[in-house]
Amino acid sequence: MKTKGNDSGSSVNVEKKVAETIKRYKLLKKTDKVVVALSGGKDSTSVIYILKKMGYNVEGLMIDLYLGQWSEVHKVNMTKFCKENNIPLTIVDLKKELGQGICFIKAVLKKQKNLTGCTVCGIIKKWILNKWAKEMGADKIVTGHNLDDEAQNVLMNFLKGNILLGVNSGPSAGGKSVAGFAQRIKPLFFISENDIRAYAKKMKFEILYDKCPCSFETYRADTRDWLDNISDKEKLAIVENFQKEVLKLRKENVVELKTCKSCGEPSRSDTCNYCKVVCNI
Ligand code: SF4
Ligand SMILES: [Zn+2]
């Protein structure tokens, strides 16, 4: 493993916490083929590095969203990082997949369907990730979602008056999985953004810390700003308390995943969000 830093001596041992989460929730087996969704940021870079160091069979999967220089720098960084750490990397070209970059698609959907924020991008990324991970023969898909992301989700769903939107949340996605599709897991689920940033800096990963130039999700940004006023310990309490409720909610609200009738990818309803939102634009 090639880095210029090490994790010893940090106030929160991120590597130890990842190992504990994997063990406690039985997230991975050593025989699993693990595809990690790489954005090029601190979270996904840290998680793929730690999993590789722990001896898991990891591969990186990155989507080139065509976000100008930001995407270009991320691609260069991840290509170098994966090469140095002997990790196979696949980069999916959004223009080859969908004919356009993400900004154009977002602009069209805003005009046609009044869809704003990161929702559209999130749906597209999830769909591409599922499709490519299946082609790569993945047993598990790892994402870099952290404690702050999860605390934001809990609060946003609560404020929307629909906590059931989070019924599948957890270090491993709940609901019955569809045969042939890899399960999504989040080894950084209980680790705060502050701790991951400190880890990535300590390890001297050559990455960008800038925010995505196309991120205009004001509702999430407002929730994030509010959460910035509370401690990591309080964010952990929000997420852990909700996880206790999730177990009860799942029993009463079984979410059976189906395959989308149009594209064959996993979906909660007969037609997946991607086909509902992105197709026919
Ligand atoms: S911040 Fe929003 S627009 Fe940017 S990559 Fe993430 S989901 Fe897409
Ligand atoms: Zn579909």
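This one's a predicted model, so the numbers in the text were calculated from it and none came from an experiment. We count ligands from 1, going down the list as the structure has it; atoms in each ligand are counted the same way. Index from 1, following the sequence.
In this structure, SG of C263 and SG of C260 enclose an angle of 110° at the Zn ion (ligand 2), rounded to 10°.
With a 4.0 Å heavy-atom cut-off, ligand 1 is reached by no atom of I102. Under 4.0 angstrom from ligand 1, there are no non-hydrogen atoms of K211.
Salt bridge present: K33 and E59 bring a charged side-chain N and a carboxylate O closer than 4.0 Å. Under the 4.0 Å criterion applied to side-chain N and carboxylate O atoms, K258 and D270 are assigned as salt-bridge partners. Ion pairing between a basic and an acidic side chain is recognised when a charged N comes within 4.0 Å of a carboxylate O; K235 and E150 show no such pairing.
Residue side and main chain included, C121 places an N/O/S atom under 2.8 Å of atom 8 (Fe) of ligand 1. Within the 2.8 Å limit, C279 places no N, O or S atom next to the Zn ion (ligand 2).
Looking only at heavy atoms of the protein, atom 4 (Fe) of ligand 1 is closest to C212 SG, 2.3 Å. Counting only heavy atoms of the protein, atom 2 (Fe) of ligand 1 lies nearest to C118 SG, 2.3 Å. The nearest heavy-atom contact from the protein to atom 3 (S) of ligand 1 is K106 NZ, 3.3 Å.
At least one heavy atom of K125 sits closer than 4.0 Å to an atom of ligand 1.
Separation of atoms CG (L188) and NZ (K17) is listed at 10.5 Å; rounding is to 0.5 Å.
Ligand 1 places these atoms under 4.0 Å from at least one heavy atom of L65: 5 (S).
The cationic group of K30 lies under 6.0 Å from the six-membered ring centre of Y56 and within 45° of the ring axis, placing it in a cation-pi geometry. K201 forms a cation-pi arrangement with Y209, by the criterion of a distance under 6.0 Å to the ring centre and an angle within 45° of the ring axis.
Looking only at distances, a side-chain donor or acceptor of D32 sits under 3.5 Å from a matching main-chain atom of K29.
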